[in-house]
Colleague: 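Please find one structure pasted underneath; my questions will follow.
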Amino acid sequence: MKTLKNQISMEFDAISENERLARVVIAAFLAEIDPTIDELEDVKTAVSEAVTNAIIHGYKENGGKVILQANLVADGELVVDIIDHGVGIADVEQAMQPLFTTGASSERSGMGFSFMEAFMDGLDVESTPGEGTCVHMWKRFSKRQATGTKPILQAAVWNRSGRE
């Protein structure tokens with residue numbers, strides 16, 4: 001059994017402005033493990049895609065709540081769930097195919113799940129029509145040598161505030 005290091009859970013309105021909020025929250029949550037810029041961007045992109053899917057497809061832009069849950073495990077693994085209680089997905093396998101979209105073809109690329117799979121180490125999608133969807137993703141972070149420097153995000157905050 002893996003030892004839990006830290007966890008968060010937050011619920012927010014299913015509006016497009018909150019996609020940015022989810023990106024910032026997950027980035028701040030990862031600061032303690034000092035991810036590389038590439039690792040951080042990968043996670044932020046995957047979370048952003050999952051939240052966008054919940055807003056656009058899960059709730060059809062009619063509002064609702066999106067839940068972001070994240071767990072950091074002591075061995076350097078991040079587990080993220082993006083949950084909605086929207087319309088659900090009738091055929092998850094079909095929905096995960098590249099270029100498949102339920103939106104107007106000129107508006108959506110149908111690459112959300114493909115991006116999530118590419119940027120994370122694992123992706124599972126559970127959905128029940130009429131009840132909602134849970135996008136479950138995980139990523140392992142490599143252990144780095146201690147350098148005595150501050151994590152990227154912590155250093156940016158400290159330097160910007162005039163401290164240190």
Side-chain angles (χ1 to χ4, degrees), residues 1-98 100-103 108-143 151 153:
M1 186 168 143
K2 296 181 178 187
T3 304
L4 187 64
K5 184 174 181 179
N6 194 5
Q7 64 182 4
I8 60 168
S9 180
M10 68 179 286
E11 179 179 88
F12 50 90
D13 287 335
I15 57 175
S16 61
E17 292 83 0
N18 285 336
E19 177 192 331
R20 288 186 302 257
L21 173 67
R23 290 172 64 89
V24 169
V25 166
I26 201 67
F29 183 67
L30 287 174
E32 74 180 82
I33 63 167
D34 193 22
T36 66
I37 297 289
D38 288 341
E39 289 170 333
L40 186 60
E41 288 303 315
D42 287 353
V43 172
K44 286 170 48 180
T45 299
V47 166
S48 178
E49 290 292 336
V51 169
T52 298
N53 277 359
I55 294 167
I56 301 294
H57 302 293
Y59 291 116
K60 307 286 186 195
E61 298 186 79
N62 291 321
K65 298 289 183 183
V66 176
I67 300 165
L68 181 155
Q69 295 176 337
N71 297 298
L72 269 177
V73 183
D75 69 355
E77 183 176 66
L78 169 71
V79 178
V80 179
D81 291 330
I82 304 297
I83 303 162
D84 71 66
H85 298 287
V87 300
I89 303 170
D91 186 341
V92 171
E93 187 175 326
Q94 180 186 32
M96 292 182 73
Q97 294 301 310
F100 177 81
T101 183
T102 59
R108 302 283 163 216
S109 68
M111 295 298 291
F113 286 127
S114 296
F115 287 143
M116 289 178 235
E117 283 183 310
F119 293 133
M120 301 295 277
D121 292 328
L123 171 70
D124 287 326
V125 179
E126 297 175 21
S127 191
T128 303
E131 293 182 23
T133 302
C134 176
V135 175
H136 180 76
M137 305 177 281
W138 60 96
K139 187 171 188 74
R140 288 176 249 349
F141 293 87
S142 58
K143 300 241 185 228
L153 292 174

Colleague: Can you measure from CE (Met120) to NE2 (His136) and round to the nearest 0.5 angstrom?
Modeller: 9.5 Å

Colleague: Rounded to the nearest 0.5 Å, what's the gap from CD on Glu11 to CG on Asp84? Could you check?
Modeller: 11.5 Å

Colleague: Going by an N to O cut-off under 4.0 Å, is there a salt bridge joining Glu39 and Arg140?
Modeller: no

Colleague: Any side chain to side chain donor-acceptor pair (under 3.5 Å) involving residues 63-76? Give me the pairs, sequence neighbours left out, ordered by first then second residue.
Modeller: Asp13-Lys65

Colleague: Which heavy atom of Ala70 sits nearest a heavy atom of Ile26, and at what distance?
Modeller: CB-CD1, 3.8 Å

Colleague: Measure across Gly132 and Ser127 and return the closest heavy-atom pair with its distance rounded to 0.1 Å.
Modeller: O-OG, 3.1 Å

Colleague: Minimum heavy-atom separation for Ile55 and Ile15, please, with both atom names.
Modeller: CD1-O, 3.3 Å

Colleague: If you take all heavy atoms of Ala90 and Pro129, which pair is closest and at what distance?
Modeller: CA-CG, 3.7 Å

Colleague: Working to the nearest 0.5 angstrom, can you tell me the gap between Ile82 CD1 and Asn53 CG?
Modeller: 10.5 Å

Colleague: Looking only at heavy atoms, which two atoms of Val51 and Ala22 are closest? And how far apart?
Modeller: CG2-CB, 3.8 Å

Colleague: Quick one: pull up CE in Met10 and CG in Leu21 and give me the separation to the nearest 0.5 Å.
Modeller: 4.0 Å

Colleague: Mind listing the closest non-hydrogen atom pair of Ala46 and Met116 along with its distance?
Modeller: O-CG, 3.7 Å

Colleague: Under 4.5 Å between any side-chain heavy atoms of Phe113 and Glu49, yes or no?
Modeller: no

Colleague: Name all residues meeting the salt bridge (Lys or Arg N to Asp or Glu O under 4.0 Å) criterion together with Asp42; count only those two or more places apart in sequence or in a different chain, and write none if there are none.
Modeller: Lys139

Colleague: Please tell me if the side chains of Leu68 and Ile8 come closer than 4.5 Å, counting only heavy atoms from C-beta onward.
Modeller: yes

Colleague: Apply side-chain contact (heavy atoms from CB on, under 4.5 Å) to the pair Arg23 and Thr45, showing each step before the final yes or no.
Modeller: CA-CA 8 Å; Arg23 290 172 64 89; Thr45 299; 4.2 Å; yes

Colleague: What distance do Glu19 atom CD and Thr52 atom OG1 have between them, rounded to the nearest 0.5 Å?
Modeller: 3.0 Å

Colleague: In Å, rounded to the nearest 0.5 Å, how long is the span from CH2 of Trp138 to CG of Asp81?
Modeller: 10.0 Å

Colleague: Evaluate side-chain contact (heavy atoms from CB on, under 4.5 Å) for Val66 paired with Asn18, printing each intermediate quantity in order.
Modeller: CA-CA 9 Å; Val66 176; Asn18 285 336; over 6 Å; no

